[in-house]
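A short worksheet on the structure shown next.
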2 protein chains.
Amino acid sequence: MRRPVDAVNAHYPEVVLSTRDRLIDAAARLLDQGGPAAVTLREVGRLAGVSHNAPYKHFADKEDLLAAVAARELARPPRPARRGSGSPAEALSQMMHGYVDWAMRHPARFKLTFGSWSVDSAELGAAATAARTALVAAVSAAQASRDLPQGDPERLAALIQATTHGAVDLALSGHLARSGKGHADPKDLVDDLLGYLSS
Amino acid sequence: MRRPVDAVNAHYPEVVLSTRDRLIDAAARLLDQGGPAAVTLREVGRLAGVSHNAPYKHFADKEDLLAAVAARELARPPRPARRGSGSPAEALSQMMHGYVDWAMRHPARFKLTFGSWSVDSAELGAAATAARTALVAAVSAAQASRDLPQGDPERLAALIQATTHGAVDLALSGHLARSGKGHADPKDLVDDLLGYLSS
DNA sequence: ACCTGAACACCGTTCAAGT
DNA sequence: ACCTGAACACCGTTCAAGT
C-alpha cells in the first residue's frame, strides 16, 4: 500500500520542499494537466501528501492558493533577453517571443496569471510590477537606438504588451483569424507591430 | 406566495419567450450580476421559472448553455459604424471603441465569449465568422482610402483585433500599466496603434 | 504550529416518473 | 415533447480534536 510520502517522492525524489511549496507545485501541475476544473483542494492535498483541508493552514482559501501559483508564474516568464544577441529591437522581439512561447506552452497558467483577482496579494502585485519594469527597460533601449518611435516608454510598452497578450489570448481561444494560407501565429502579429513601429 | 410565472413576468412583463430563451437570458443576467461563479443551473432554472434540471431538455450540459450565451453576445457587439460618420479610418476607430465599450461594460460576458470552448457549437462559429468579416471589411475600406498600409487585410485586421482585445483584457484584470499620470485607457492604446499605422 | 476526520451546504448530472 | 422530484457523487469550507 502506497503511503502519502511515496506520492511526494515520486515527483521530488531528492528535494525536500515545505508543505506550502508542495501545495503550490501540486496546484500548478493539476492546472497544466486538466485545466482550472481539475484543481480541487482535495486533489491538491492528495498530491502533496496531506489531507484535503491541510491547505487551509497555509492559504486563506482556494483563490489565495491560486494567487500564489500566479505570482510564481508571473515572476518567471519575462526573462531578460540574452546579452549580445543583437540590437535592442531584436532583444525586444525575443522578449515578446519568449512571452508567447511560455503562454502557448502553458495556456492554463497564462489564463490564471492574467485573470481577474479579487484578492490583492502583495506577492502578486510585486511580481507584476517587476515584469512590467523589465519590458519598459527593453522599450526604452529600443527607443534610444532609434528602432522605436519616441514618446512615453511606458505607454509604448503598454501597446506592445496589449498586442502580444491579445494575440496569444485570441489564438488560445481559437478566435484568431486564419490569415490567407496557414494558421496565423501570435509571433507574426507581434513582429508585424514592431515592423510598423520601426518604419 | 409568488408563483414561478411571477418571477418571469417581473422581468418580461409584455413579452413571452420560449423556455430556451428564458434560460439564456437568466444565465446572462446571473453572469452580469455575480460573475461565472454565480451561474448555477439551479439559479438559472429558478430565474426562468422552471426546475433546476429543466435546462437539460434544451442544452446538453452547463457548458452548452454558456456557449449559447456567448454566441448571442458575439452576434451583438461589433455593430457596423454609423454611416456618414466620417472617413473609413474614423469608422474603424469607432468600431473598435464600440468593442471596448461593450467589453468594459460587460466584463463577464467578454471573458465568457472569448474563453476557451471545448464544445464546437456551429452557432458560436458562425457568429465569430460574421464578426470577423465585418472587421475585415472596415479595414479594407481604410486601406482603400490610404488611411492604413497596404497588405493582407485579414492579417492587418488580426493585428488591430489583437491589440484591442489585449488592451481590454489587461485593463479588466488590472495588469495594464498606469502610463504616467492618470489611468491608461484601452481606447488610447487602440488609437495609438491606428495613429502609428496611418503615418 | 500543523494536521486530521467528520460534517454541512452546495453544485452538476442522472434517472424514473409524470402530463 | 417537456417538465418534476429524488438521488448520487463531488466540491469548498468549517469545526472539534489530536500531536
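Every heavy atom of this structure was used, including side-chain atoms; hydrogens, water molecules and symmetry mates were not. A note on names: the letters A, B, ... follow the listed sequences, proteins ahead of strands, and every chain is numbered from 1.
- The CG atom of A:Leu30 sits 5.5 Å away from atom CD of A:Glu43, with the distance rounded to the nearest 0.5 Å.
- With 3.5 Å as the limit, one finds a donor-acceptor pair spanning the side chains of A:Asp191 and A:His97.
- In the hydrophobic cluster analysis, where Ile, Leu, Val, Met, Phe, Trp and Tyr join through side-chain heavy atoms closer than 4.5 angstrom, B:Leu170 is grouped together with A:Val100.
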Would you list the protein and nucleotides 2-6 of chain C atom pairs, both N or O, that sit under 3.5 Å from each other?
| from | atom 1 | to | atom 2 | distance (Å) |
| --- | --- | --- | --- | --- |
| C:dC3 | OP1 | A:Thr19 | OG1 | 2.8 |
| C:dC3 | OP2 | A:His58 | NE2 | 2.5 |
| C:dC3 | N4 | A:Lys57 | NZ | 3.1 |
| C:dT4 | OP1 | A:Ser51 | N | 3.4 |
| C:dT4 | OP2 | A:Ser51 | N | 2.5 |
| C:dT4 | OP2 | A:Ser51 | OG | 2.7 |
| C:dG5 | O6 | A:Asn53 | ND2 | 2.2 |
| C:dA6 | N6 | A:Asn53 | ND2 | 3.1 |

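- Here the CZ-CG distance, from A:Phe114 to A:Asp169, works out to 10.0 Å after rounding to the nearest 0.5 Å.
- Here the CG-CG distance, from B:Asp61 to B:Leu66, works out to 9.0 Å after rounding to the nearest 0.5 Å.
- We find that CG of B:Leu30 is positioned 11 Å from P of C:dG12, with the value rounded to whole Å.
- With a 4.5 Å cut-off on side-chain heavy atoms, B:Leu41 and B:Asn53 do not count as touching.
- Rounded to an integer number of Å, the gap from OH of A:Tyr56 to C1' of D:dC11 is 9 Å.
- Contacts between residues 32-45 of chain B and DNA chain C, defined by a heavy-atom separation below 4.0 Å, involve B:Val39, B:Thr40, B:Leu41, B:Arg42, listed by number.
- For DNA chain D, runs of at least 3 consecutive pairs of the Watson-Crick or G-U wobble type, with both hydrogen-bonding distances under 3.5 angstrom, map to C:4-8 with D:12-16, C:12-16 with D:4-8.
- When all heavy atoms of A:Ala138 and A:Met95 are compared, the pair lying nearest together is CB-SD, 3.8 Å.
- With rounding to the nearest 0.5 angstrom, the CD atom of B:Gln33 is 7.5 Å from the CG atom of B:Leu47.
- Atom-to-atom, CD of B:Glu63 to P of C:dT13 comes out at 9 Å; the value is rounded to the nearest Å.
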After noting the C-alpha distance and the side-chain angles of A:Arg72 and A:Asp25, does the key distance pass the salt bridge (Lys or Arg N to Asp or Glu O under 4.0 Å) rule? CA-CA 10 Å; A:Arg72 200 184 65 172; A:Asp25 276 332; 2.6 Å; yes
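- Using a 4.5 Å heavy-atom threshold, the side chains of A:Phe59 and A:Arg20 count as touching.
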